[in-house]
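Single-structure report; data block below.
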Amino acid sequence: LKPWFPLPHRPNRLAMEEEDHLLSRQQQAVLDNTKIKVNMENERYLRGHPELKSMLSVFVHEVLEHKPGNVLRFAGEFFTREDLYALVKTRNEELQSLER
């Protein structure tokens with residue numbers, strides 16, 4: 001049965017939820033600019049600290065070599081070693097010599 005009076009328009013619930021999450025053009029522009037700025041700052045920082053790349057490279061190599069069951073525990077032990085500096089320096093030199 002159809003009602004004899006017009007039903008009020010009820011917008012699709014999903015469409016309403018999507019509208020709630022939309023940004024204005026100005027908000028989107030600010031967000032985009034912030035993302036670009038953060039990415040540039042991160043890139044500058046990484047370029048200024050090449051030891052990060054070396055340390056992470058050695059860490060990944062160690063993980064793949066030892067294949068620990070608990071990678072999180074292995075990472076905790078790796079990054080808190082007293083000889084971390086010496087290990088990274090030595091292993092990085094070894095890895096670089098293999099690449100040549």
Side-chain angles (χ1 to χ4, degrees):
L1 289 170
K2 282 184 148 184
W4 58 271
F5 53 90
L7 292 174
H9 174 68
R10 291 196 290 165
N12 178 338
R13 182 176 166 170
L14 183 59
M16 287 174 51
E17 289 176 3
E18 287 176 357
E19 285 179 17
D20 289 341
H21 297 289
L22 293 178
L23 299 175
S24 69
R25 286 188 177 153
Q26 182 181 6
Q27 289 170 321
Q28 187 64 52
V30 168
L31 178 61
D32 291 344
N33 286 336
T34 300
K35 286 179 182 179
I36 291 168
K37 182 180 175 188
V38 168
N39 284 339
M40 289 172 62
E41 288 171 358
N42 290 345
E43 182 68 25
R44 262 187 243 112
Y45 184 82
L46 290 172
R47 287 176 188 245
H49 296 278
E51 68 275 12
L52 279 171
K53 182 178 179 182
S54 298
M55 186 169 41
L56 293 173
S57 177
V58 170
F59 171 70
V60 169
H61 184 78
E62 290 285 312
V63 167
L64 294 175
E65 184 177 314
H66 297 282
K67 295 179 179 40
N70 186 332
V71 177
L72 188 56
R73 175 175 285 139
F74 185 86
E77 292 169 359
F78 178 85
F79 288 110
T80 56
R81 297 172 64 132
E82 288 187 26
D83 66 337
L84 181 61
Y85 179 82
L87 174 71
V88 169
K89 188 173 188 310
T90 304
R91 295 291 282 170
N92 189 49
E93 290 169 358
E94 291 171 3
L95 292 172
Q96 284 181 347
S97 70
L98 291 174
E99 292 175 357
R100 293 179 195 155

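Note that the structure is predicted; figures quoted are calculated from it, not measured.
Between Arg91 and Glu65 there is a salt bridge, since a side-chain N of the basic residue sits under 4.0 Å from a carboxylate O of the acidic one.
Within 6.0 Å of CD on Gln27 lie more than 12 heavy atoms contributed by other residues, nucleotides or ligands.
In this structure, Met55 and Leu84 approach most closely via the heavy-atom pair SD-CD2, 4.0 Å. Nearest heavy atom pair, residue His66 against residue Phe74, reads CD2-CZ, 4.0 Å.
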Scan the side chains in residues 30-38 for donor-acceptor partners under 3.5 Å anywhere in the protein, sequence neighbours excluded, and list what turns up.
unit_1	atom_1	unit_2	atom_2	d
Asp32	OD1	Gln28	NE2	2.9
Asn33	ND2	Ala29	O	3.3
Thr34	OG1	Val30	O	2.8

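The line from CD of Glu77 to CG of Leu72 is 10.0 Å long, rounded to the nearest 0.5 Å.
Transitive grouping of hydrophobic side chains (ILVMFWY, heavy atoms separated by less than 4.5 Å) brings Val58 and Phe79 into a common cluster. Taking hydrophobic clusters as Ile, Leu, Val, Met, Phe, Trp and Tyr residues chained together by side-chain heavy-atom distances below 4.5 Å, Phe78 does not share a cluster with Tyr85. Each of Leu87 and Val71 belongs to its own hydrophobic cluster when Ile, Leu, Val, Met, Phe, Trp and Tyr are linked at side-chain heavy-atom distances under 4.5 angstrom.
Within the structure, side chain to side chain donor-acceptor pair (under 3.5 Å) pairs that include any residue of residues 45-55 comprise Glu43-Arg47, His49-Glu51, Ser54-Asn92 (at least two apart or interchain).
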